[in-house]
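In this chain, numbering begins with 1 at the start of the sequence shown. Side-chain atoms are counted along with the backbone in the values below, which use heavy atoms only and exclude waters and symmetry mates.
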Amino acid sequence: MRILRKLFIAFLIVILTLLLIATGYYLAVTKDIALSQEKLLLRDETITVYDGDGERIVGVFSPSLHATVQIEDVPQHTKQAFVCTEDKRFYSHNGFDIKRIVRAAFNNLKARSFKEGASTISQQLIKNTHLSQEKTLKRKLQEWKLTRALEKRYDKDEILEKYLNVIYFGHNCFGLRYAAEFYFNKQPHELDLADSAILAGLVKSPNNYSPFKNPQACLKRKETVLSFMLKNGKITQKQKDEAIQKPLPEAPTVRSKNLGYTHFVFDELSAIAQAHDLTVGGQIEIDTYLDKSLQNELESLTNSYAESDFTAQVLDVNTHGFKACVSTVGNIKRLPGSLLKPLLVYAPSIERDIISPATPLLDEKIRYGNYAPENFDGQYRGYTSARECLAKSLNIPAVRLLETLGVQNGTAFLNKLDLPVEKDDYSLALALGGMKQGYTLQSLVSAYGALANGGAYTPCGFISQIRIDGKTVYRHKPKSTRVFSEETTYLTTDMLKTAAQTGTAKKLRSLPFAVAAKTGTVGTDNGNTDAYALSYTTRDCIGVWLGNKDNSFIPYTGGGEPCNLLMQINERLNERYQRQNQKITDFQMPTGVKQVALDKTSYYDTHTIMLADERSPIEYRFNELFKTSAIPTKKCDFFSNPSINCPILQYTDGHVVITFDKNSPTFYEYKIERHDYATHRTLYQGAFLEKYTDENLETDKHYVYTVTPIFKGVNGKSIVLPTVSTKAGEKPPSPQDGEMLQKNWWEY
């Protein structure tokens, strides 16, 4: 018994010691923290946004930022939507939901993770207004103390009112009043049950559940909130069904071109907060890449576009930050059209050595089951170089090339560019941008940024840094991923430079610097719905989209008005660089790329890629770029070793007719000779001729004719034609004798 008593006393001492230590630690870490009534309200310094020069951006918030809502003006169903979703025992606990804490701990232990939380509305209010982003025991103890103080000082409705006035709803919406205006163009007292369910659902993840960014996820979340309310007896099944049937809002009701850039900033803030588990609260400072003067110029250029919605973005390819952006629709997804061709088809095919810019691709009518792609003009061009196919954005060659490459192989490159493709979208129509949802312009511009950066993809954004309560919690330092080799990137870029000179983006050809460009148009036989123009240099990548959010038709194509706007933006950028004594340099050719001369005759006559003969005239050769590892090895010898197909010889009515093959080179000189075993005569030496007739024949003789092609004094191999006999009774040579000489003897 004594031993047990001693053990028990020792145990009590240990427990008391631990309690004293814990109490001391609690008092130490919470002694300087106190509940602040001022922090429970939104202030001017609650969130500050800076441009790329560190100057504060004014006009970030709506005037209603400080127009807080009174709890008596909030409908009962709105209050219950938040309570049932975030903290169903809010009105019965003292700030901490012990049942929920125990259940969350058990579920997390069972799942071996920390996926389930147990924060009450009171705790969330404290975390959003008083505490840092640290995930430490110290912070948790401070939260405990402040939550207790909050519950002692205010009643439940006062706490809920303060919570609704500071909570973040995404899209730059702090507080219920601004959220009601932004999403529904309503005052809080006008919110119906469906509206309230959407807003309550947003709190968990504004980035995921925004009706403007992820409508399907928003619908599902809305139904979840309504189910919570039904389960807790706050609404009826009929009310739930009616609320579910109400359509989601399709576009923000607060729209302004001048706020275009900061709207993208706050969209990104929501995504960053989710990815890095940050609480959007406290004193927030956001550094951006905004170039204020460029933003003003971009806004002035787009002020005249009243016939459609639009988005225009300028990306600095060196910092990977967007320095200007205007939009009437925000970051919506649209079908990309032909903007996918370089990223999905051409660059991957070059990377895998399937093609080079010179590769002839067949442009002719084709059908794959029920799918029959057509070119935009309904014309077919036969064999056309890959360079021209891309520059002129021909559809059929792109589809045929994707078939050769393989859809799965092409989409593997898109995935590396953060352009994921659903399995349901795997088809050859993907070569033309055929898919269900598409991509945001921001995603497409970022992907093209990889081509501007030598083939390395780096995620791009609007925010460079975030500080909360003076502590840096985020820096934009993304990792780069090698997608294409430098050689592939340079070849693709050079082909897109052709598009800006003679292709679909030829409106840019007057620009006095190297620029690569691609256009795209999406539509049906009834009209176009989307028009793109995108360009990049060694400094900037610019994307322009014109269309309508409701998919109504527009009077534009990618090479038309979007390209005009793209031209103006490039001109403004160049003027700015010149004022700063800077210039836009050309893309640097890597050592793994070489320009070689190709033979023009074999290329256009037989669609064969052959190196040009060293002796060929300039008009019979053309230059093209190749990877050094893929330079053609076969060489044309038309000029250093002249050769022709065997002419046809006919002997009738006492004279000989020599007919030349129609493919015989016209740049050769031709020598025709005649032998009769006693004499030798040169009958003709000169330019190409279709036929030669010899009428000066004697009887009772045998004649042998030879034809020799000559180029600049170099004789090719002489061709000996069938013997002609003028002796009575001997059979004259027939045309078939000449044909025999052109074929292989073993075929007879």
Side-chain angles (χ1 to χ4, degrees), residues 52 260-261 264 268 288-291 294-295 297-298 301 310-327 331 336-343 346-347 390 414 416-419 439-462 464 476 478 480-481 483-484 486 489-490 492-497 499-500 504-505 507-508 511 513-520 532-545 558 562-563 565-574 576-577 582-588:
Y261 191 93
F264 282 80
E268 191 168 298
T288 73
Y289 294 100
L290 175 65
D291 183 325
L294 178 62
Q295 177 72 15
E297 290 190 53
L298 199 58
L301 287 174
F310 61 82
T311 299
Q313 299 175 334
V314 181
L315 171 71
D316 186 319
V317 299
N318 297 305
T319 65
H320 313 293
F322 287 91
K323 55 188 182 182
C325 172
V326 291
S327 179
N331 223 7
S338 292
L339 256 59
L340 272 197
K341 289 176 183 174
L343 308 175
Y346 285 93
L390 179 55
L414 290 185
K416 291 181 182 179
L417 294 167
D418 279 349
L419 297 175
Y439 305 109
T440 65
L441 182 63
Q442 178 180 341
S443 297
L444 292 168
V445 172
S446 298
Y448 271 84
L451 295 179
N453 275 294
Y457 171 72
T458 306
C460 304
F462 292 80
S464 62
H476 183 222
S480 294
T481 302
V483 181
F484 305 112
E486 290 185 1
T489 304
Y490 184 82
T492 305
T493 295
D494 200 69
M495 294 163 73
L496 292 175
K497 285 169 67 175
T504 58
K507 289 182 184 293
L508 306 181
L511 292 173
F513 52 84
V515 58
K518 185 72 188 77
T519 63
Y532 294 93
L534 188 149
S535 71
Y536 62 92
T537 66
T538 52
R539 303 197 65 155
D540 303 293
C541 186
I542 308 167
V544 173
W545 168 83
C563 215
L565 179 54
L566 189 64
M567 172 73 173
Q568 295 176 66
I569 298 172
N570 273 289
E571 287 177 333
R572 298 288 180 91
L573 282 168
N574 189 47
R576 289 162 56 85
Y577 291 135
Q582 300 175 1
K583 64 178 182 178
I584 301 172
T585 58
D586 200 351
F587 301 93
Q588 293 299 306

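- To the nearest 0.5 Å, atom CG of residue Asn570 and atom NZ of residue Lys507 are 14.5 Å apart.
- Contacts of His476 classified as ring-ring contact (aromatic ring centres under 6.0 Å, His included), with partners at least two apart in sequence or in another chain: Tyr289.
- Contact of the Ile542 side chain with the Leu573 side chain is registered, since non-hydrogen atoms from C-beta on lie closer than 4.5 Å.
- A donor-acceptor pair shorter than 3.5 Å cannot be found between the side chains of Thr492 and Thr489.
- Side chain to side chain, Tyr457 and Ser446 fail the donor-acceptor criterion of an N or O pair below 3.5 Å.
- Considering CG of Leu444 and NZ of Lys518, their distance stands at 12.0 Å, rounded to 0.5 Å.
- Closest approach of Leu339 to Gly520, counting heavy atoms only: CD1-N, 3.7 Å.
- Partners of Tyr439 under the ring-ring contact (aromatic ring centres under 6.0 Å, His included) rule, at least two apart in sequence or in another chain, do not exist in this structure.
- Side-chain N/O atoms of Asp586 and Thr538 include no donor and acceptor closer than 3.5 Å.
- Residues Thr519 and Ser338 fail the side-chain proximity criterion, which asks for heavy atoms closer than 4.5 Å.
- Tyr448 is linked by a ring-ring contact (aromatic ring centres under 6.0 Å, His included) to nothing, counting only residues two or more places apart in sequence or in another chain.
- When only modelled atom types and interatomic distance are considered, Gln582 and Arg576 share no side-chain donor-acceptor pair under 3.5 Å.
- Between the side chain of Asp316 and the main chain of Asn318, a donor-acceptor pair closer than 3.5 Å is present.
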Report the C-alpha distance between Ile569 and Val314 in whole Å, list the side-chain angles of each, state the deciding distance to 0.1 Å, and finish with yes or no for side-chain contact (heavy atoms from CB on, under 4.5 Å).
-> CA-CA 9 Å; Ile569 298 172; Val314 181; 4.0 Å; yes

Might you work through the side-chain contact (heavy atoms from CB on, under 4.5 Å) test for Asp418 and Ser443, ending with a clear yes or no?
-> CA-CA 7 Å; Asp418 279 349; Ser443 297; over 6 Å; no

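- Closest heavy-atom contact between Leu441 and Val544: CD2-N, 4.2 Å.
- Interatomic distance, CD of Glu297 versus CG of Leu294, reported as 6.0 Å (0.5 Å rounding).
- Put simply, the side chain of Asn453 gets close to the backbone of Val317: a donor and an acceptor are under 3.5 Å apart.
- Checking each of Ile584, Val515, Thr537 against Asn574 for a side-chain contact (heavy atoms from CB on, under 4.5 Å) leaves exactly one that passes, namely Ile584.
- Contact of the Phe513 side chain with the Lys583 side chain is not registered, since no non-hydrogen atoms from C-beta on lie closer than 4.5 Å.
- For the pair Gln313 (side chain) and Gly543 (backbone), a donor-acceptor distance under 3.5 Å is absent.
- Side chains of Val326 and Thr311 form no contact here, defined as non-hydrogen atoms less than 4.5 Å apart.
- We find the CG-CD distance between Leu566 and Glu571 to be 10.5 Å, quoted to the nearest 0.5 Å.
- Here the two rings, on Tyr490 and Phe484, have centers that are 6.0 Å apart or farther.
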Please report the C-alpha distance between Tyr577 and Arg539 in whole Å, then the side-chain angles of each, then the deciding distance to 0.1 Å, and finally whether the side-chain contact (heavy atoms from CB on, under 4.5 Å) criterion is met.
-> CA-CA 10 Å; Tyr577 291 135; Arg539 303 197 65 155; 3.4 Å; yes

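- Here the closest non-hydrogen pair linking Phe264 and Cys325 is CE1-SG, 3.4 Å.
- Using a 4.5 Å heavy-atom cutoff, the side chains of Tyr536 and Leu315 are not in contact.
- Minimum heavy-atom separation, Gln295 to Leu290: CB-CD1, 3.7 Å.
- We find the SG-CD distance between Cys460 and Glu268 to be 10.0 Å, quoted to the nearest 0.5 Å.
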Candidate pair Thr288 and Lys323, rule side-chain contact (heavy atoms from CB on, under 4.5 Å), full reasoning = CA-CA 8 Å; Thr288 73; Lys323 55 188 182 182; over 6 Å; no

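- The shortest non-hydrogen separation linking Pro342 to Leu390 is CG-CD1, 4.0 Å.
- Taking each heavy atom of Ala517 and Ala505 in turn, the nearest pair found is CB-CB, 3.7 Å.
- A donor-acceptor pair is defined here as one N or O able to donate and one able to accept, closer than 3.5 Å; no such pair exists between the side chain of Gln442 and the backbone of Asn331.
- A donor-acceptor pair under 3.5 Å links the side-chain atoms of Tyr261 to the main chain of Phe322, judged by distance alone.
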